[in-house]
Amino acid sequence: MRRLSLTRPLTAILLTPVIWIGVIASYQVSPAIVGLPQVATRPKPPPAPARWRPLIGEYVSDNETPLIILESDGKLCVLFNRTELAPLRELSASSFEFDASASRKGERVLFSRDDRGRVTRVALGKSLYNRKPLGPEEGANQLKVQPLRPVPILIKEALTAQPPNETGDFLPTDLVELRKLDPTIKLDIRYATTNNLFGTVFYSQARAFMQRPAAEAVVRVNRKLKSLGYGLLVHDGYRPWYVTKVFWDATPDDKKLFVADPSKGSRHNRGCAVDLSLYDLKSGKPVEMVSTYDETTDRAHPNYPGGTSLQRWHRDLLRAAMEGEGFTVYEAEWWHFDYKDWQRYRIGNVRFLQIGLKNP
């Protein structure tokens, strides 16, 4: 999906150097592996303790900037105003205090739970902060939007429509299938299933195509990641224009900021955009990221400072590997990457079944 650009104040907050250095940059991966310029490096962090996982998230009080409870360097922490990181010392399952390194040394932090055991608020001294809903609960994997009209009807209508007419000097379209170039790339094509934002099947086949130069770059990324024990898990690549039109027509007006306008086309329509994550080579399972795929909250931003150290490390590993091969991450989605020449290709509308079988 697509989201609007961040507002300038929020962008400035998310990219604050204090947080980038203290929480995110410390988990960059080895430049020797991904072929990047020298960056700060740190070993892969261990998973956060399971007992802390229900506590991690955002908490709000009135119009204040939300508190972020996160794990960093093996400690549960409170992030104030997205600039001040304060580590905690655990006293019990729901009780903590700021440790000696924090300006609030000794102040208690108490988490409250409902009758189902879910964390609902946190108290810092006399100040109360309610938990802010952020995407699916842990264990769920997809937000849902109720389509305005039945998707099968919208698909029939979109197939009779025409993409916007474009003029200019474009590169020839040469869509190739990722798994035919590298069978070790895994697919989880959400729009070929009901496990997507609309709960409806859009693609007739679970396949991923890209323009050849972009596809070959993805293959190089996958090969480099193998030395670290990871592979690429692709959620979407080239998307026919008619599907973008269906997304737009199905989405309520107040949520249209999350989808591309078909009058302009989507970057996916040009065949140089890819939505992807990582999977663990040993287990074959997807790795944990800070947010779920296609999530429409702040957690989806590639610089969001919350979550756990390991989740951020995974996210930054993916970003470093992709940027090392000419991709740029989309500013509001850690999973969406655009290849450097994406503007030089036309909006495409060819369906998967029509893409030539002669492609390798």
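- For the residue pair C77 and L85, the shortest heavy atom distance occurs at CB-CD1, 3.7 Å.
- The minimum heavy-atom distance linking W334 with S291 is given by the pair NE1-OG, 2.8 Å.
- The shortest distance between side-chain heavy atoms of D249 and L148 does not fall below 4.5 Å.
- Looking at T308 and E288, their side chains never come closer than 4.5 Å, going by heavy atoms from C-beta outward.
- Looking at D280, its side chain does come within 3.5 Å of a backbone N or O of S283 through a donor-acceptor pair.
- In this structure, the side chains of R190 and D294 stay at 4.5 Å or more apart for every pair of heavy atoms.
- In this structure, the side chains of F170 and R270 come closer than 4.5 Å at one or more pairs of heavy atoms.
- E323 places no side-chain N or O within donor-acceptor distance of the main-chain N or O of G326, the cut-off being under 3.5 Å.
- Of the candidates L278, L276, V234, T184, N222 forms a side chain to side chain contact (heavy atoms under 4.5 Å, CB included) with just one, namely T184.
- Hydrophobic cluster membership is shared by L317 and V287, with clusters built from Ile, Leu, Val, Met, Phe, Trp and Tyr side chains linked at under 4.5 angstrom.
- Judged as a side chain to side chain contact (heavy atoms under 4.5 Å, CB included), and not counting sequence neighbours, the contacts of T200 are V151, F198, F202.
- Connection of L154 to W248 is established within a shared hydrophobic cluster, with ILVMFWY side chains joined at heavy-atom distances below 4.5 Å, either directly or through further cluster members.
- The local environment of CZ in R121 is sparse, with at most 12 non-hydrogen atoms from other residues, nucleotides or ligands closer than 6.0 Å.
- Across all their heavy atoms, G237 and H268 have their closest contact at O-ND1, 2.8 Å.
- With Y230 as the partner, the side chain to side chain donor-acceptor pair (under 3.5 Å) test is satisfied by one option alone out of H314, K224, K282: H314.
- Side chains of R113 and S94: a donor on one and an acceptor on the other come within 3.5 Å.
- Between R207 and I189 there is no side-chain heavy-atom pair separated by less than 4.5 Å.
- Between F209 and F352, the angle of the ring planes lies from 30° to 60°, which puts this pair in the tilted group.
- Residue-environment remark: NZ (K340) stays at or below the threshold of 12 foreign heavy atoms within 6.0 Å.
- Looking at N349, its side chain does come within 3.5 Å of a backbone N or O of W241 through a donor-acceptor pair.
- Within the 3.5 Å criterion, the main-chain N or O of C272 finds no donor-acceptor partner in the side chain of R267.
- No side-chain donor from either of N81 and T83 sits under 3.5 Å from a side-chain acceptor of the other.
- D174 contributes no side-chain N or O that, together with a main-chain N or O of R212, makes up a donor-acceptor pair within less than 3.5 Å.
- Note: Y191 and F247 meet the aromatic proximity criterion, with ring centroids under 6.0 Å apart.
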